[in-house]
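Everything below concerns the one structure shown next.
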Amino acid sequence: MRLSKTHVPTLKEAPAEAEIPSHILMVRGGYLRKVAAGVYSFLPLGWRVIQKISRIIREEMTRAGAQEVFLPAVIPGELWQESGRWDVYGEQLLRFKDRKGADFVIGPTHEEAIVDLVRGDVRSYRQLPLNLFQIQTKFRDELRARAGLMRGREFIMKDAYSFHATDEDAQREYQFMYDTYTRIFNRCGLAFRAVEADTGAIGGSLSHEFQVLAETGEDALLACDSCGYAANVEQAKARPPAAAAPSAAALEKVATPGKRTVEEVTAFLGLRPENLVKTLLHLADGKPVAVLVRGDHNLNEIKLKRELGARDLVLASDESVEDATGAPVGFAGPVGLGTPIYCDLEVCAMPSCVCGANVADAHYKNVVCKRDFQPTVCGDFRDAAVGDACPRCESGHLVGYRGIEVGQVFFLGTKYSVPMKCNFLDADGKEKPMIMGCYGIGVTRVAAAAIEQNHDKDGIVWPVAIAPYEAALLSLQVGDPQVTEVAERLYAELGKAGIEVLYDERDERPGVKFKDADLIGLPYRIAVGKKGVAEGVVELKARRSPEVHKVKIEEVVRVVREKVVAERAGGGA
RNA sequence: CGGGGCGUAGCGCAGUUGGUAGCGCGCUUGCUUUGGGAGCAAGAUGUCGUCGGUUCAAAUCCGGCCGCCCCGACCA
C-alpha cells in the first residue's frame, strides 16, 4: 500500500486525555480515534491489526474443531431474566426497549444467546459435543471506562461456548481450549502467562486467565519461582501456616489512646504489623460480620464473599462499626464480639496477638484464638503476597508480576444449562443438562496489550504476526529519479514476494518519514536514499533493534522475506 | 457512586482588574531547502461545552445541565 493513498493521520502530540502508552501511540500513529468515552473508531491501520489478530484466532479455533457462528449483538431481555442475570448483572448491562416496549440488552457476553440457540436444536447426545464461537462487538457500560482500548465500553471479543454430554468430555475440552489459547497468544508474538483465576460474574468452577506480562498491567499476579503454580492475586493461595503453640500469657488490656491504625498501634506498643490482628467489620447482605487478618496482610474480599455466600459485601460504615462493637472505629476486636467472626488461617496460627478491645482507646495483648474468642470459621481470607510459600510445591516462594488479561477460559458445568433447560437425551434415555464451558479473548485488548508490551520512546514495536504491515519502504528523495526507480522496483518485488509493505512515497523530508515509521512501528524498515543507491545498497533496519544494515538492492527482498517469514508464526526476533 | 481536575481553532495550550480571542504544531499557496518531525513570506480556520442569570458589556462573575480525564469503589 502506498502511504499517500491510505488514511494514516499521525499526530505530533496526543490528546491530553490519553495516558497509557498503547492509547497514546494508537492515537498518534493514526490507528484509533475516540467517539465517546470507551467507544472508538478504528482507522485503516488499526483495523488491519484487529483483522490480523482475528485471523489467528479464527484459524486456531477452527483447527481445534470449533465452528464460527454470528449471534446478534441485541438480545431479548427475557433470556437474561431466564438465566437470572437480568437482576444480578447491574448497571454494566446496557438495557433498552424497542418501540413495543419489550426489553432488550446489548450483549456484554453471550451465554444466554448461545444456550437459547443450542437448546432449540440439540436434543440428543449424538449431536454433541459442540463448540461454537463468534467474533463480536460487545458492550459493557463500565462504571469507569479508561485507558483507551484496554478498558473500553464497546470492544471486540471472541467468545466460544462448548457443550458436552459428560463431565469428562467437558474437562478434556477445557484443557484443549487452554492449549489452543496458548497457541494463539504464542502466534501473536506475546509474552504471556496462564494463571488460575476467579470465575466472577460468569460463574463456574474452574478458570484460567491468560495474562500478557507488562508493567502497566491492571492485574497483580503471583507465580511460584520453583514449580508451575501461577494465579491472579484475587485467587492466589499461600501455603497454610504451621500452627504455633498458643501462648500461655494471660489476656491483658492496654491503653492505646487515640491509636487506631496498624501503624499507630504498632509504633505505640513497639510491635511489628505481623503481631497485630486487624478486625474488619463488613456488612454481608446487610448483616454485620467481622473478619480477622494479620496486620501486614490484605483482606481478600472475593475469598470472603465466596465463604459467606453473600451477594453483596461492603466494608461497614463508621456508624455500623460503632453499633456492632460499641467502640469507635480503630478499636474493634474479636474478644466479646457479638457478630460472626471469620478468622484468617494466619491469625489462627499465631501464638497470640494484639487486637482492639471494643472500647475506645484500648487494645488487648496476648489474645489467643479459640481461648479468648471463638471464630465462626477459620479459612483463607487474605491476599497471598510476594515471598509467601508456594501452596503447590515444597520449596518455592511466590514472586509478583503485572499482567493484562487478554483471555479467560471457564469450566461452567451446568450453571446456565440447568436454569435455561439446555438438556439432551442420553444413550440411556434420560434427560440431562449439557456440561458447558466458555472461552473468551478480548481481541481489541490484545492489540492494546501488544503495544503495552512492545513499544519504546519513539513508538510502537509490533510483532510481525499482528503488525498492520510487515515492512515499511521509505523513499527518502522522491525527487531523485534513481531513488524513485529503485523504490518503485522494490515495492513491486516485495509485493510479489508476498510481503505486506507500506510504501512511503510522500513528498516529505526524510526526517518526517523516519519519525512516522518509528511511530507506526512496522517490524522492518527499508530506506532508499540517494547515497545508498549510488553504491547499489539500501538500508535495512529492524524496529526492535538499533542496528542499520546496508544491503545490496538485489538482495534486500530475499533478506526481508526470510526474516518476515521466520517471524510470522510468532515469537518475535 | 465518592473524591479531584478539565472543557477556548484539527492537536497541545495562553487569555491579567469583565471591554467581543491569541500562541505553537498542523492545514492552504509560493519560493528556498532535502538523511531524524526545515526556513521565509502570505493565508484559512472558533456556537470560547451548553442553557440561563448579573452587567452598558461575559471566554472571564453566578447558577443549572452536558461531556471528558484522573484516583477510589466495581469488573469475563
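Convention: sequence-line order gives letters A, B, ...; per-chain numbering from 1. The analysis underlying the following values was restricted to heavy atoms, covering all of them including side chains, and did not include hydrogens, waters or symmetry mates.
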Just the atom pairs and distances: protein N or O near nucleotides 25-31 of chain B's N or O, under 3.5 Å.
| from | atom 1 | to | atom 2 | distance (Å) |
| --- | --- | --- | --- | --- |
| B:C25 | O3' | A:K12 | NZ | 3.2 |
| B:G26 | OP1 | A:K12 | NZ | 3.3 |

_Taking B:C48 as the reference, what is the distance to B:C40 when you measure between their P atoms (whole Å, please)?_
32 Å
*Atom-pair distance (NZ on A:K457; P on B:G36), nearest Å*: 14 Å
*Can you tell me, in whole Å, how much space there is between the C1' of B:C51 and that of B:A14?*
27 Å
*Among residues two or more places apart or on two chains, list those pairs meeting salt bridge (Lys or Arg N to Asp or Glu O under 4.0 Å) that have a residue in residues 15-36 of chain A.*
A:E17-A:K34
_For B:G43, the Watson-Crick or wobble partner whose two distances fall under 3.5 Å_ = B:C27
*Sidechain-backbone polar pair: A:K278 side chain, A:H297 backbone, donor-acceptor under 3.5 Å*: yes
_Ring-plane angle category for A:H208 and A:Y178, please: parallel below 30°, perpendicular beyond 60°, tilted otherwise._
perpendicular
*Is A:R525 touching bases, backbone alone, or none of the nucleic acid, heavy atoms closer than 4.0 Å?*
base
*Base partner of B:G18, which must satisfy Watson-Crick or wobble distances under 3.5 Å*: none
*asked:* For the C1' atoms, the ones on B:U45 and on B:G24, what distance do you get once it is rounded to whole angstrom?
replied: 15 Å
_B:G10 base / A:R28 side chain donor-acceptor hit below 3.5 Å_ = no
*d(CE, A:M150; C1', B:C70) in whole Å*: 16 Å
*Check the distance between B:G36's P and A:L519's CG and give it to me in whole angstrom.*
18 Å
*Determine the Euclidean distance between corresponding C1' atoms of B:G30 and B:A44; express it in Å to zero decimal places.*
15 Å
_Taking the minimum atom-to-atom distance to the side chain of A:K515, which one of B:C69, B:G35, B:G36 wins?_
B:G36
_Ring of A:W86, cation from A:R95 - is the NZ or CZ under 6.0 Å from the centre and inside 45° of the axis?_
yes
*Once you apply the 3.5 Å cut-off to both distances, tell me the Watson-Crick or G-U wobble partner of B:C1, or none.*
B:G72
*Using the benzene-type ring in the case of Trp, are the ring centres of A:Y174 and A:F410 under 6.0 Å apart?*
no
*asked:* Less than 4.5 Å apart, side chain to side chain, heavy atoms only: is that true for A:E60 and A:T62?
replied: no
_Value in whole Å for how far the P atom of B:C68 lies from CD of A:E17_ = 9 Å
*asked:* In whole Å, I'd like the distance from the CG atom of A:D507 to the C1' atom of B:A38.
replied: 13 Å
*Could you check whether A:K513 gets within reach of a base, just the sugar-phosphate, or nothing at all, counting any heavy atom under 4.0 Å?*
nothing
_By the 4.0 Å heavy-atom rule, please label A:D516 as base, sugar-phosphate, or nothing._
base
*Counting any heavy atom closer than 4.0 Å, what does A:E209 reach on the DNA or RNA strands: base, sugar-phosphate only, or nothing?*
nothing
_Any side-chain to backbone donor/acceptor pair from A:E154 onto A:G38? Under 3.5 Å, distance only._
no
*Which part of the nucleic acid does A:E218 contact within heavy-atom distance under 4.0 Å: base, sugar-phosphate only, or nothing?*
nothing
*A:Y40 ring center within less than 6.0 Å of A:H23 ring center*: yes
*Pick the nucleotide of RNA chain B nearest each of A:G407 and A:K531; which residue has the one closer to the 5' end?*
A:K531
*Rounded to whole angstroms, how far apart are CG on A:L280 and P on B:A73?*
14 Å
*For B:G7, the Watson-Crick or wobble counterpart (both distances under 3.5 Å)*: B:C66
_Could you check whether any side-chain N or O of A:T6 sits under 3.5 Å from a backbone N or O of A:R2, counting only pairs where one atom can act as donor and the other as acceptor?_
no
_Counting the atoms with a prime plus P, OP1 and OP2 as sugar-phosphate, which does A:Q477 contact under 4.0 Å by heavy atoms, base, sugar-phosphate, or nothing?_
base
*Provide the distance between the two C1' atoms, one in B:C13 and one in B:A9, to the nearest whole Å.*
12 Å
*What distance, rounded to whole Å, do you find between the two P atoms, one in B:U32 and one in B:C69?*
47 Å
*Indicate the ring-plane relationship of A:Y31 and A:W462, choosing parallel, tilted or perpendicular according to the 30° and 60° boundaries.*
tilted
_Nearest to side-chain heavy atoms of A:E301, which nucleotide of B:A38, B:G35, B:C74_ = B:C74
*asked:* Please name the nucleotide paired to B:A38 by Watson-Crick or G-U wobble geometry with both distances under 3.5 Å, or report none.
replied: B:U32
*Partner of B:C61 by Watson-Crick or G-U wobble geometry, both contacts under 3.5 Å, or none?*
B:G53
*Check the distance between B:G35's P and A:F514's CZ and give it to me in whole angstrom.*
9 Å
*Hey, does A:A527 reach any base, or is it just sugar-phosphate, or nothing, if we go heavy atoms under 4.0 Å?*
nothing
*What about the rings of A:Y161 and A:H110, do their centers lie closer together than 6.0 Å?*
no
_Between B:A73 and B:G10, how many Å separate the two P atoms, rounded to a whole number?_
37 Å
*Just checking A:G440: base, sugar-phosphate only, or nothing, at a heavy-atom cut-off of under 4.0 Å?*
nothing
*Rounded distance (Å) that lies between atom P of B:G35 and atom CD of A:E535*: 15 Å
_Looking only at the side chain of A:V512 (C-beta and beyond, no hydrogens), which of the listed nucleotides B:C13, B:C74, B:G37 gets closest?_
B:G37
_Nucleotide of B:C70, B:C68, B:G37 approaching A:E19 most closely (side-chain heavy atoms)_ = B:C70
_B:C70 and B:C23, which share atom name C1', separated by this distance in whole Å_ = 27 Å
*Determine yes or no for a side-chain-to-main-chain donor-acceptor pair under 3.5 angstrom, with A:K158 supplying the side chain and A:I57 the backbone.*
no
Any N/O pairs under 3.5 Å between the protein and nucleotides 5-7 of chain B? List them or say none.
none

_Looking at A:E112 and A:L79, would you say the former's side chain and the latter's main chain have a donor-acceptor pair under 3.5 Å?_
no
*Mapping A:M157 and A:K34 to their closest nucleotides on RNA chain B, which lands nearer the 5' end?*
A:K34
